[in-house]
Amino acid sequence: MEHSPEHLPTTEAAVTALRALAARHGREIEVIHDIGADRTSRRSAAGVGVTTDPDGSLPHEAQVEFGGMPRVSVRLYPEDDALITVEGVECPDIARDDVPAFLRSVFGGLAHVRVRRFPPRHRLVVPLPGDRAHQEHVPAFLLGPWLRRRIR
């Protein structure tokens, strides 16, 4: 791929990169921010009413929804990773720096579904920079029209 991983040190930097990516691909984007330990999904152990981490910083998560097909959502976590969902297939533990490249592969038509006949198995394969790829099992019931068109 032509793009090297970008360094996205914060959730806000990642949201800015995703807004630019959406504009480049003509996709609508909706962003919901959760700021403070009392609002972020991975901070439940912080205690009731606590908004900061022990170091005094405000953890920041964002939920990003892209319009159009395929249906894509991104949950950016304060711990430098993300959960990307493509047509119902959850791809957890994506490094925040890899999120733009992951989405460029999906929106640019490089992502595909690899099929193994026996035992039957479907895997969503999303190429990433540096000859890497993220692979995720696709249950047969999630093989909607967009995923079926990408079977190789």
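For the numbers below, each heavy atom of this structure counts, side chains included, while hydrogens, waters and symmetry mates do not. Note that this is a predicted model, so its numbers are computed, not measured.
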Point-to-point distance, once rounded to the nearest 0.5 Å, from CZ of Arg75 to CD1 of Ile94: 16.0 Å

Set of residues satisfying side-chain contact (heavy atoms from CB on, under 4.5 Å) with respect to Ala133, sequence neighbours excluded: Val125

Side chain His25, main chain Ala23, donor-acceptor under 3.5 Å: no

Side-chain donor/acceptor of Arg27 to backbone N/O of Gly67, under 3.5 Å: yes

Let me check something: any side-chain donor-acceptor pairs from residues 141-149 under 3.5 Å, sequence neighbours excluded? List them with distances.
{"residue": "Arg148", "atom": "NH1", "partner": "Leu143", "partner atom": "O", "Å": "2.3"}

Residues Glu61 and Gln63: side-chain donor-acceptor under 3.5 angstrom: no

Salt bridge (charged side-chain N to carboxylate O under 4.0 Å, His left out) involving Arg71 - partner list, sequence neighbours excluded: Glu87

Set of side-chain contact (heavy atoms from CB on, under 4.5 Å) partners for Pro119, sequence neighbours left out: Arg116

Partners meeting ring pair (Phe, Tyr, Trp, His ring centres under 6.0 Å) with Phe66 (sequence neighbours left out): Phe107

side-chain contact (heavy atoms from CB on, under 4.5 Å) between Leu76 and Leu18, intermediate numbers included: CA-CA 11 Å; Leu76 296 161; Leu18 296 183; 4.2 Å; yes

Test side chain to side chain donor-acceptor pair (under 3.5 Å) applied to His134 - qualifying residues, sequence neighbours left out: Glu136

Side-chain touch Cys91/Val126, heavy atoms, less than 4.5 angstrom: no

Ala13: side-chain contact (heavy atoms from CB on, under 4.5 Å) partners, not counting sequence neighbours: Leu8, Pro9, Thr10

Contact list for residues 11-20, test side-chain hydrogen bond (donor to acceptor under 3.5 Å, both in side chains), sequence neighbours left out: Thr11-Arg96

Partner of Val138 by side-chain contact (heavy atoms from CB on, under 4.5 Å), out of Val115, Leu124, Val86, Ile151: Leu124

CG on Asp97 to CG on Asp81, rounded to 0.5 Å: 11.0 Å

